[in-house]
Peer 1: 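Quick one: the structure is below, and I'll ask about it shortly.
Everything numeric here is computed off the predicted structure, so don't read it as measured data.
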Amino acid sequence: MTPLRIGNASGFYGDRFDALREMLTGGPLDVLTGDYLAELTMLILGRDRLKDPGAGYARTFLRQLEECLGLARDRGVRIVTNAGGLNPAGLADAVRALADRLGVPVRVAHVEGDDLGAAHPGTLAAHAYLGGFGIAACLRADADIVVTGRVTDAALVTGPAAAHFGWAPTEYDRLAGAVVAGHVLECGAQATGGNYAFFQDGDVRRPGFPLAELAADGTCVITKHEGTGGFVDTGTVTAQLLYETGGARYPGPDVTARLDTVTLTPDGPDRVRIAGVRGEAPPPTLKVGLNRLGGFRNEVVFVLTGLDIEAKAALVREQLAPVVGKVADARWELVRTDRPDAPTEETASALLRLVVRDPDQRLVGRALSGAAVELALASYPGFHVLAPPGQGAPYGVFEDVYVPHGAVDHVAVLHDGTRIAVPPPRHTAALTDVPAPPLPAPLPSGPRRRAPLGLVAGARSGDKGGDANVGVWARTGDAWRWLAHELTAERFRELLPETRDLPVTRHVLPRLRALNFVVGSLLGEGVAAQARFDPQAKALGEWLRARHLDIPEVLL
């Protein structure tokens, strides 16, 4: 059977607007997906819906479709997207209205059942992560466009694959292969050189978007349209495979994919073959993401220039103590960006950052802003701030809980209104840890040199609720022999002192020559709470790569 060519045109709400057209015109495709949702996005859409009950979906998608609906129809490309967010039915209706206005005959279906807000009062959004078989039901009924709400990112690929190849829910290896392909595609240009540790290996000024040539047995080739920017190699695919994952078992509502079985091999220029993926029955529960308003947040950054930086910082903290002491949470951070005998004022300056959070907007708004502004002529020499504090903005809190599959009514709603119930999986298996695999033989002893880890290893990091993960991989077999023994969880904590008092779990993935570290609670109550300088841990891996170790000279 001819491979199914599935492309991606969006990795987040706000991704490159022209990507939809670029993917439709750049080469042959069967299905084009768009991932618009993340934990933070659900909060944003929830706040939109508070203002307008008819909102709650990614409006960008509609504007993109206005330019490209006829093009997709002419080329026979089906579109599958989770841009429906909190209101998939509303977006499906809006797409139909757009199609009627443009005179483009298309069948639009949507998937619902993820909204569990009624069971979780007090939340702004409560949504289960559904699988791909609702999407498959829509496509089997000849839908041209399928809109979903909160499904797993990989479901945008498993659904079209199950529909095209006729996979049954128990064909776990095939489904797991599609999950891995979907995980690689879901973040768009991150698979084609974007955000890549070794970005200087290619031209990533405007990377193209990825696509997968998926076969009936679940194997695939990750590639991109010919002539587009960026590059695809085993490194870019490895980086994305490690992104926002945990252990060897990667659970989902349709299947648990075994990441420790993935084999990557080059398949020509900008082509990487993924094979060997094994799958297991899905876990007995579905993940549910809960978003609620946590209170109000404000911040002010004081610029400290020249001499006596520590004393200047101490003075500001003492002057604001009467106000700051009343808020529920206050964090001061002094960032020493200053240099001695600096040639410019900016490089002679350090930044003192204050972040406050409280349920009462008045305490973090007018009270703080007034106190900070009043210091303008009555504090340290050279007093100024990057921007005056505002009135305090609401922030969100994310939490995940788990419910049985039967707690949701997973339904495919066809263009004519027909509703098709999607049954829960008949077989499930509780998640357990995979036994630790054997490590490779260590490198022979020899001379070492103090150098950054990033000279011999790549990394990619990200957020999962309040936790963060850092995937680290070696580029050569010898580097892997050293990395597997050197970078223990204890050494990880030493290199990144912020993690020293937090739980750090190391997972070993020998086929990828990779280690995956999960850091518990590093991000507090999630990205929307903005409790950390890098609230999504996007640069945590690059910080790790910049740390120095004693590295065998043979690797340098």
Side-chain angles (χ1 to χ4, degrees), residues 5-38 40-41 44-45 48 55 57-85 91-92 94-95 97-99 101-104 106 108 144-148 153 156-157 160 181-196 199 202-213 222-232 236-237 239-240 243 269-271 538:
R5 290 176 62 90
I6 304 179
N8 171 282
S10 176
F12 69 101
Y13 189 13
D15 210 340
R16 195 159 81 218
F17 187 88
D18 294 337
L20 196 70
R21 176 175 291 277
E22 291 170 9
M23 289 300 290
L24 288 171
T25 58
L29 282 178
D30 299 304
V31 178
L32 184 56
T33 66
D35 179 10
Y36 291 78
L37 300 185
L40 179 60
T41 315
I44 293 170
L45 295 177
D48 288 348
Y57 54 79
R59 296 183 184 275
T60 304
F61 173 71
L62 267 183
R63 297 200 301 272
Q64 290 174 298
L65 204 60
E66 186 167 9
E67 294 184 2
C68 299
L69 184 60
L71 184 62
R73 174 70 177 174
D74 292 343
R75 292 179 175 250
V77 178
R78 293 165 133 184
I79 295 175
V80 178
T81 179
N82 61 15
L91 179 56
V95 172
L98 174 66
R101 178 163 60 82
L102 297 177
V104 180
V106 292
V108 183
D144 301 299
I145 297 175
V146 181
V147 171
T148 77
D153 301 336
L156 301 178
V157 171
H183 182 57
V184 174
L185 295 187
E186 70 185 54
C187 288
Q190 281 197 170
T192 57
N195 299 355
Y196 181 52
F199 65 95
D203 183 354
V204 296
R205 289 174 295 177
R206 188 180 173 86
F209 277 64
L211 63 92
E213 297 172 353
I222 302 297
T223 184
K224 63 187 184 68
H225 284 325
E226 188 174 352
T228 55
F231 60 100
V232 177
T236 67
V237 175
Q240 182 55 29
Y243 182 64
D270 292 317
R271 294 175 62 86
K538 296 294 189 182

Peer 1: When rounded to the nearest 0.5 angstrom, what is the spacing between CG in D74 and SG in C68?
Peer 2: 11.5 Å
Peer 1: Checking E22 against T228 for the side chain to side chain contact (heavy atoms under 4.5 Å, CB included) test, could you report, in this order, the C-alpha distance in whole Å, the side-chain angles of both residues, the deciding distance, and whether it holds?
Peer 2: CA-CA 9 Å; E22 291 170 9; T228 55; over 6 Å; no
Peer 1: Below 4.5 Å, heavy atoms only, C-beta onward: do F231 and V204 meet side chain to side chain?
Peer 2: yes
Peer 1: Decide yes or no for F61 and V95: does some side-chain heavy atom of the first lie under 4.5 Å from some side-chain heavy atom of the second?
Peer 2: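 Yes; the side chains approach each other to less than 4.5 Å.
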Peer 1: Minimum heavy-atom separation for Q64 and R16, please, with both atom names.
Peer 2: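 That would be NE2-O, 3.8 Å.
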Peer 1: Measuring from T25:OG1 to H225:NE2, what's the distance to the nearest 0.5 Å?
Peer 2: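 Those atoms lie 7.5 Å apart.
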Peer 1: Are the side chains of R59 and Y13 in contact, using a 4.5 Å heavy-atom criterion?
Peer 2: yes
Peer 1: Can you list the steps and then say if E67 with L20 is a side chain to side chain contact (heavy atoms under 4.5 Å, CB included)?
Peer 2: CA-CA 9 Å; E67 294 184 2; L20 196 70; over 6 Å; no
Peer 1: Could you go step by step and tell me if R75 and L32 meet the side chain to side chain contact (heavy atoms under 4.5 Å, CB included) rule?
Peer 2: CA-CA 11 Å; R75 292 179 175 250; L32 184 56; over 6 Å; no
Peer 1: For a quick test of reading the model, state the closest non-hydrogen atom pair linking N8 to G188 and the distance between them.
Peer 2: OD1-CA, 3.4 Å
Peer 1: Considering non-hydrogen atoms only, spot the tightest contact between L62 and A94 and give its length.
Peer 2: CD1-CB, 3.6 Å
Peer 1: Could you tell me whether the side chain of N195 reaches within less than 4.5 Å of the side chain of K538, counting heavy atoms only?
Peer 2: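 Side-chain contact under 4.5 Å: no.
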Peer 1: Working to the nearest 0.5 angstrom, can you tell me the gap between E186 CD and D153 CG?
Peer 2: 4.0 Å
Peer 1: State, to 0.1 Å, how close P210 and A189 come at their nearest heavy-atom pair, and which atoms those are.
Peer 2: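 Heavy atoms of P210 and A189 come nearest at CD-N, 4.2 Å.
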Peer 1: Between R21 and L24, is there a side-chain heavy-atom distance shorter than 4.5 Å?
Peer 2: no
Peer 1: Is the shortest heavy-atom distance from the side chain of D35 to the side chain of T33 under 4.5 Å?
Peer 2: no
Peer 1: To the nearest 0.5 Å, what is the distance between CG (L91) and OG1 (T81)?
Peer 2: 7.5 Å
Peer 1: So which atom in V157 and which in A181 form the shortest heavy-atom distance, rounded to 0.1 Å?
Peer 2: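 Closest approach of V157 to A181: CG1-CB, 4.4 Å.
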Peer 1: Answer yes or no: is there a side-chain heavy-atom contact under 4.5 Å between T223 and E213?
Peer 2: yes
Peer 1: Just so I know, are the side chains of F209 and D15 near enough to count as touching, which here means a heavy-atom distance under 4.5 Å?
Peer 2: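 Yes. Closest side-chain heavy atoms under 4.5 Å.
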Peer 1: Nearest 0.5 Å, please: how far is CG in D144 from CG in L69?
Peer 2: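 So the CG of L69 and the CG of D144 are separated by 8.5 Å.
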